[in-house]
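These notes are about the structure you will find just below.
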Protein chains: 2
Amino acid sequence: MATDQTRTAILIAAERLYAERGFSDVTLRDIVAEANVNLAAVNYHFGSKDELIAELFVTRSIALNRERLRELRAAEDAGGGRADIHAILRALVGPILRGCLGPENQRSAVARFMIRASIESVPPIRRIKNKEIDHLRKFAAAMQRALPDSSEVDLFWGLHFALAMAHHTIRESERLTKLSDGQCDLDDVEDVIARVVRGAVLGLTTRDQAAKSPPKVAAREAR
Amino acid sequence: MATDQTRTAILIAAERLYAERGFSDVTLRDIVAEANVNLAAVNYHFGSKDELIAELFVTRSIALNRERLRELRAAEDAGGGRADIHAILRALVGPILRGCLGPENQRSAVARFMIRASIESVPPIRRIKNKEIDHLRKFAAAMQRALPDSSEVDLFWGLHFALAMAHHTIRESERLTKLSDGQCDLDDVEDVIARVVRGAVLGLTTRDQAAKSPPKVAAREAR
DNA sequence: TTGCGTTTCAAACAATTGTATGAAACTATT
DNA sequence: AATAGTTTCATACAATTGTTTGAAACGCAA
């Protein structure tokens with residue numbers, strides 16, 4: 001079976017194109033052109049377009065989750081079994097942010113592909129995506145150990161918001177740059193990570209000095 | 001020109017279907033079936049599929065922005081010209097959250113359509129979307145007036161994160177419910193809004209007591 | 001070299017897409 | 001009622017999609 005060059009050429013090309021332009025407007029013909037292989041090769045090696053996407057997603061999903069867990073474990077080891085909440089969230093959002101942001105040249109199609117996948121919900125991916133929940137539970141559990149006094153609900157919200165900030169930053173990095181006239185530096189990945197983590201942690205650790213619902217102004221019609 | 005029933009039937013059907021299933025897998029034939037009109041009616045009334053989408057998006061975009069600004073102005077009036085930061089962010093994320101969450105029956109296709117539009121970047125929408133930046137600038141300006149001591153960069157990040165939490169909550173509401181075993185109540189819209197606003201405001205108002213970058217644990221390989 | 005399994009290729013396939021056509025049906029003014 | 005303008009309809013069209021086919025090319029053990 002040689003070196004699987006054709007197979008991997010397809011995978012690489014597909015990932016690159018999907019990451020760039022999204023699933024809906026990349027055709028098999030686009031992929032085989034990019035990969036310099038024959039049209040029929042996709043169906044020969046993968047069976048169908050959906051199976052190609054699924055294979056890509058599964059592979060990358062596993063790798064991303066592994067990296068996240070590696071960093072989580074490392075943080076737990078460094079803390080003698082109990083990781084700091086900052087480190088936990090950093091392990092959650094760091095890998096994907098590092099892959100998607102930073103100077104143009106070092107951005108990986110890998111990470112951007114994963115973001116696409118988490119957004120444009122195409123059937124073959126939707127089926128797999130449910131397993132991610134189990135993965136997130138591990139982080140929820142770690143957070144619980146780090147902040148045993150926080151309510152479980154608040155922890156889930158914190159986890160959820162951390163992912164929200166990370167993903168949204170990746171998706172809308174261009175808009176944020178434009179909005180801030182370039183003042184927000186999306187190339188300084190570690191700063192972005194710090195901001196995301198800090199935002200999420202603050203929400204988790206700051207006891208409500210003010211009542212939960214802020215002053216009753218607005219929200220109803222004026223005056 | 002009668003009552004435009006056909007035209008509006010198409011708009012309603014299209015919005016409903018797009019909101020539900022996304023742009024990529026809703027065809028004109030799906031739309032006309034849902035609207036009970038003839039296939040050719042779309043091209044007759046709108047010119048093309050893209051123009052139909054564009055019209056939908058423009059209309060809804062204007063309405064959403066108007067509602068946001070209305071709430072912002074109301075908050076400013078209530079505060080004697082200077083709105084509270086909570087109220088500003090509430091005006092930003094409230095309208096879309098109220099439209100997308102809450103008990104099934106009262107969720108509007110309108111708001112969900114807008115979320116789809118902000119995600120699945122289809123050409124006719126991408127062209128229009130740039131104008132949203134001007135709209136966001138108004139909120140940034142209001143935030144600056146509310147928190148004159150904060151750095152501009154931090155304010156942009158705060159605005160950005162508020163939108164992040166709102167949008168992500170809408171998109172991933174199902175996952176959050178599953179992850180938390182139903183403990184996070186996505187039907188209590190006002191609570192969700194309060195959480196989002198509180199999270200964003202905390203990031204803006206809490207002075208860094210700890211250094212910006214938390215303890216140097218983890219992030220590098222273990223030990 | 002022969003033969004056999006694997007891989008590549010050009011071509012064709014059926015299905016689906018958005019769009020166009022031209023006749024019919026309708027509406028309302030004269 | 002007759003006419004002109006608008007709207008609807010069934011149908012057809014061209015383009016694009018993922019997939020299949022069967023023959024050619026290749027790799028390699030015998």
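Keep in mind the model is a prediction, meaning the values are calculated, not measured. When reading the values below, keep in mind they use all heavy atoms of this one structure, side chains included, and skip hydrogens, waters and symmetry mates. First the proteins, then the strands, lettered A, B, ... as listed; each starts at 1.
- For the pair A:Arg29 and A:Val37, both in contact range of DNA chain C, the more 5′-proximal nearest nucleotide belongs to A:Val37.
- Look at NZ on B:Lys49: it is 12 Å from C1' on C:dT16, rounded to the nearest Å.
- The pair B:Arg29-B:Glu34 does not count as a salt bridge, with every side-chain nitrogen at least 4.0 angstrom from each carboxylate oxygen.
- In this structure, CG of B:Asp4 is placed 14 Å from C1' of D:dT8, rounded to the nearest angstrom.
- The residue A:Ala41 sits apart from the nucleic acid: no heavy atom pair falls under 4.0 Å.
- Comment: A:Arg112 does not engage A:Glu20 in a salt bridge, judged by the lack of any side-chain N to carboxylate O separation of less than 4.0 angstrom.
- Distance, B:Asn36 CG to D:dC9 C1': 14 Å, rounded to whole Å.
- Judged purely by distance below 3.5 Å, without hydrogens or angles, the side chains of A:Glu174 and A:Thr177 never pair a donor atom with an acceptor atom.
- Rounded to an integer number of Å, the gap from B:Leu39 CG to D:dT7 C1' is 15 Å.
- Listed nucleotides: C:dT19, D:dT8, D:dT21. Nearest to the side chain of B:Thr6: D:dT8.
- The residue among A:Thr27 and A:Ala40 whose nearest nucleotide of DNA chain D is located toward the 5' end is A:Thr27.
- The interatomic distance linking A:Asn43 (CG) with D:dG18 (C1') rounds to 7 Å, in whole Å.
- Among the nucleotides D:dT7, D:dT19, C:dT7, the one closest to the side chain of A:His45 is C:dT7.
- One interatomic measurement links the two molecules: CG of A:Leu28 to P of C:dA15, which rounds to 18 Å at whole-angstrom precision.
- The distance between atom CG of B:Asn38 and atom P of C:dA20, rounded to the nearest whole Å, is 15 Å.
- As rounded to whole Å, 9 Å separates atom C1' of C:dT8 from atom OH of A:Tyr44.
- Side chains of A:His160 and B:Thr169: a donor-acceptor N/O pair is present below 3.5 angstrom, by distance only.
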